[in-house]
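Worth knowing before you read on, the calculation uses all heavy atoms, side chains too, and leaves out hydrogens, waters and symmetry mates. Chain identifiers are assigned alphabetically (A, B, ...) following the order of the sequence lines, protein sequences preceding nucleic acid strands; residue numbering begins at 1 within each chain.
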Number of protein chains: 2
Amino acid sequence: MKKTVLVFAALIFSILLLFRLGEYSLITGNVTIEIIMAVVAFVFFGIGVVLNKNSLQQKKEIQPQPKVDFNKIEELEITNREYEVLQAVAKGLSNKEIAEKLFLSESTIKTHVSSLLLKLNAKRRTQAVQIAKELHIL
Amino acid sequence: MKKTVLVFAALIFSILLLFRLGEYSLITGNVTIEIIMAVVAFVFFGIGVVLNKNSLQQKKEIQPQPKVDFNKIEELEITNREYEVLQAVAKGLSNKEIAEKLFLSESTIKTHVSSLLLKLNAKRRTQAVQIAKELHIL
DNA sequence: AGCGATTTGGTACTTTAGTATGAGGCTTAA
DNA sequence: TTAAGCCTCATACTAAAGTACCAAATCGCT
């Protein structure tokens with residue numbers, strides 16, 4: 001944060017300097033208006049590139065994972081509980097482990113898993129996970 | 001491609017126009033040098049931002065998937081056949097289906113899968129897939 | 001209050017998955 | 001030519017996973 005402030009302060013100072021230098025050079029007749037404008041243009045072009053690059057890179061790091069498509073979940077009529085179970089399945093948990101995690105019986109998990117397999121049109125839980133990822137549900 | 005050429009042609013034309021306009025305004029005394037330079041700076045800043053954004057967005061789309069870490073595979077002593085099986089498991093295939101795909105017996109697949117579970121320190125194939133993805137093996 | 005969907009759970013059974021162990025064939029390096 | 005890996009396959013289990021069917025409790029909504 002401190003760094004950002006310092007950089008911006010230096011930047012603004014440099015810009016003012018550039019302006020003043022431009023005017024001074026023009027008055028004394030050392031350089032033409034074209035060159036001044038070209039320098040200004042080039043410098044600001046560079047500033048635009050650099051600033052934009054940094055902000056975009058930040059976005060890249062913050063949000064690298066594709067988001068979940070909740071519409072698809074509704075479309076497939078997957079209920080809340082089923083989705084919770086699906087997430088647990090994707091983590092590689094067994095039915096028994098999922099049951100313990102959600103404080104349910106293993107029977108209940110089996111019911112939910114079977115339901116999920118139907119809705120995702122899968123034959124096995126591994127396939128269900130794969131399909132779910134393709135559909136951006138996970 | 002045609003579009004790009006046209007855009008650049010228009011851009012260059014606009015820039016020249018801006019320069020001439022700046023000089024003309026200065027000579028006739030309508031505006032001051034500060035305003036001209038400010039306009040030039042602003043325009044080029046914008047150009048820098050836009051151009052950079054487009055080029056970065058392209059990169060984003062071209063390379064969104066993380067690559068496979070082959071070193072990790074060797075590190076875990078996963079053999080070629082085992083890796084083939086792992087890939088098939090990740091696709092959600094059953095042992096029998098994998099056997100048919102690779103022209104092997106189901107027994108062989110079971111052997112490979114068991115070996116994979118050991119090497120990946122997993123208890124189930126679903127967990128193996130999850131771990132493999134975490135390690136960037138898949 | 002009652003309907004419909006969800007959630008939960010059970011039993012009984014079939015199918016896959018996974019373990020343990022052994023063994024033969026093949027390739028490669030010592 | 002052994003030894004070490006790897007790949008293949010088999011048998012015999014045990015453990016999960018999955019199916020089919022049923023049923024009670026709950027919750028949201030009208």
Side-chain angles (χ1 to χ4, degrees), chain A residues 68-135 137-138, chain B residues 68-135 137-138:
Chain A
V68 174
D69 187 350
F70 292 104
N71 296 325
K72 206 84 194 178
I73 297 176
E74 281 186 37
E75 207 178 302
L76 294 170
E77 294 177 305
I78 293 174
T79 66
N80 286 356
R81 261 315 200 202
E82 284 165 1
Y83 187 64
E84 283 185 85
V85 172
L86 177 59
Q87 288 176 316
V89 168
K91 283 181 186 169
L93 302 182
S94 68
N95 288 338
K96 188 177 285 181
E97 287 170 340
I98 299 172
E100 286 168 7
K101 189 182 171 188
L102 300 179
F103 305 105
L104 297 175
S105 84
E106 197 183 334
S107 300
T108 307
I109 306 302
K110 283 188 178 185
T111 306
H112 287 319
V113 171
S114 281
S115 176
L116 276 167
L117 295 183
L118 270 177
K119 291 175 181 178
L120 287 170
N121 197 27
K123 288 173 191 161
R124 283 162 294 283
R125 48 171 55 211
T126 44
Q127 198 182 6
V129 171
Q130 152 73 0
I131 291 172
K133 288 194 175 168
E134 274 182 0
L135 297 176
I137 284 177
L138 284 177
Chain B
V68 173
D69 188 349
F70 292 104
N71 296 326
K72 206 85 193 176
I73 298 177
E74 282 186 36
E75 208 177 301
L76 294 170
E77 294 177 306
I78 293 174
T79 66
N80 287 356
R81 262 312 202 205
E82 285 165 1
Y83 187 64
E84 284 185 85
V85 172
L86 177 60
Q87 288 176 316
V89 168
K91 283 181 186 168
L93 302 182
S94 69
N95 289 337
K96 189 178 283 180
E97 287 170 338
I98 299 171
E100 287 168 7
K101 189 183 172 188
L102 300 178
F103 305 105
L104 297 175
S105 84
E106 197 182 335
S107 298
T108 307
I109 306 303
K110 283 188 178 183
T111 306
H112 287 319
V113 171
S114 280
S115 176
L116 276 167
L117 295 183
L118 270 177
K119 291 175 181 177
L120 287 170
N121 197 27
K123 287 172 191 163
R124 283 162 294 284
R125 47 170 56 211
T126 43
Q127 199 183 4
V129 170
Q130 153 74 358
I131 292 172
K133 287 194 174 168
E134 273 183 2
L135 298 176
I137 284 178
L138 284 178

**Student:** Checking all strands, does A/Ser94 fall into the base, sugar-phosphate, or nothing category for heavy-atom contacts under 4.0 angstrom?
**Tutor:** sugar-phosphate

**Student:** To the nearest Å, give me how far apart OH (A/Tyr83) and C1' (C/dA5) are.
**Tutor:**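 Value for this atom pair: 21 Å.
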
**Student:** So, does B/Asn95 get its side chain near the phosphate of C/dA17, meaning an N or O under 4.0 Å from OP1 or OP2?
**Tutor:**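 So the side chain of B/Asn95 is within the cut-off, an N or O lying under 4.0 Å from OP1 or OP2 of C/dA17.
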
**Student:** Report yes if the side chains of A/Gln87 and A/Leu138 come closer than 4.5 Å at any heavy-atom pair, otherwise no.
**Tutor:** yes

**Student:** Just so I know, are the side chains of A/Val113 and A/Ile98 near enough to count as touching, which here means a heavy-atom distance under 4.5 Å?
**Tutor:** no

**Student:** Nearest to the B/Arg125 side chain among C/dG10, D/dA17, C/dG18, which nucleotide is it?
**Tutor:**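 Closest of the options to the side chain of B/Arg125: C/dG18.
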
**Student:** When the distance from CD of B/Glu74 to C1' of D/dC6 is rounded to whole Å, what number comes out?
**Tutor:** 15 Å

**Student:** Contact between A/Ile73 and A/Asp69 at the side-chain level, heavy atoms closer than 4.5 Å - yes or no?
**Tutor:** no

**Student:** Which one, C/dA17, C/dT8, D/dC9, comes nearest to the side chain of B/Leu104?
**Tutor:** D/dC9

**Student:** What integer distance in Å separates A/Ile109:CD1 from D/dT19:C1'?
**Tutor:**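 Result: 17 Å.
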
**Student:** How many Å lie between CD on B/Glu84 and P on D/dT8, as a whole number?
**Tutor:** 8 Å

**Student:** State whether B/Lys91 and B/Glu97 are salt-bridged, where the test is any N-O pair (Lys NZ or Arg NE/NH1/NH2 against Asp/Glu carboxylate O) under 4.0 Å.
**Tutor:**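 The answer is no: the pair does not qualify as a salt bridge.
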
**Student:** So if I apply the side chain to side chain donor-acceptor pair (under 3.5 Å) rule between A/Asn95 and each of A/Arg125, A/Glu100, A/His112, which one comes out positive?
**Tutor:**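 Among A/Arg125, A/Glu100, A/His112, the one meeting side chain to side chain donor-acceptor pair (under 3.5 Å) with A/Asn95 is A/Arg125.
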
**Student:** Once you round it to whole Å, what is the distance between C1' of D/dG5 and CD of B/Glu82?
**Tutor:** 11 Å

**Student:** Can you find a heavy atom in the side chain of A/Lys119 that is under 4.5 Å from one in the side chain of A/Thr79?
**Tutor:** yes

**Student:** Rounded to whole Å, how long is the line connecting atom CD1 of A/Ile78 with atom P of C/dT7?
**Tutor:** 12 Å

**Student:** Answer yes or no: is there a side-chain heavy-atom contact under 4.5 Å between B/Thr108 and B/Arg81?
**Tutor:**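 In short, these two side chains do not touch, never coming nearer than 4.5 Å.
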
**Student:** Report yes if some heavy atom in the side chain of B/Gln130 is under 4.5 Å from a heavy atom in the side chain of B/Thr126; otherwise report no.
**Tutor:** no

**Student:** Side-chain N or O of B/His112 versus OP1/OP2 of D/dT8: is the shortest distance under 4.0 Å?
**Tutor:**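 Checking D/dT8 against B/His112, a side-chain N or O does come within under 4.0 Å of OP1 or OP2.
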
**Student:** Roughly, in whole Å, what's the span from CD in B/Gln127 to P in C/dG18?
**Tutor:** 11 Å

**Student:** Counting C-beta onward and ignoring hydrogens, is there a side-chain heavy-atom pair between B/Ile78 and B/Leu116 closer than 4.5 Å?
**Tutor:**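 SC-SC contact between B/Ile78 and B/Leu116 confirmed.
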
**Student:** Verify the contact: side-chain N or O of B/Arg124 to OP1 or OP2 of C/dA17, cut-off strictly under 4.0 Å; return yes or no.
**Tutor:** no

**Student:** Between protein and nucleic acid, restricted to nucleotides 19-29 of chain C and to nitrogen or oxygen atoms under 3.5 Å apart, what atom pairs and distances do you find?
**Tutor:**
unit_1: C/dT19; atom_1: OP2; unit_2: B/Ser114; atom_2: OG; d: 2.9

**Student:** Could you check whether B/Ser107 gets within reach of a base, just the sugar-phosphate, or nothing at all, counting any heavy atom under 4.0 Å?
**Tutor:**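 Result for B/Ser107 = base.
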
**Student:** Should A/Leu86 and A/Leu120 count as side-chain neighbours, where that means a heavy-atom distance under 4.5 Å?
**Tutor:** yes

**Student:** Give the angle between the helix axes at the two ends of the helix from C/dA1-D/dT30 to C/dA30-D/dT1, taking five base pairs at each end and rounding to 10°.
**Tutor:**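 About 50°, once rounded to a multiple of 10°.
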
**Student:** Is there a side-chain polar atom (N or O) of B/Arg81 under 4.0 Å from OP1 or OP2 of D/dC6?
**Tutor:**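 No, because none of the side-chain N or O atoms of B/Arg81 sits under 4.0 Å from OP1 or OP2 of D/dC6.
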
**Student:** Report the distance from atom CD of A/Glu106 to atom P of C/dA12, rounded to the nearest whole Å.
**Tutor:**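 One finds 16 Å between P of C/dA12 and CD of A/Glu106, rounded.
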
**Student:** Using a 4.0 Å heavy-atom cut-off across all strands, classify B/Thr79 as base, sugar-phosphate, or nothing.
**Tutor:** sugar-phosphate

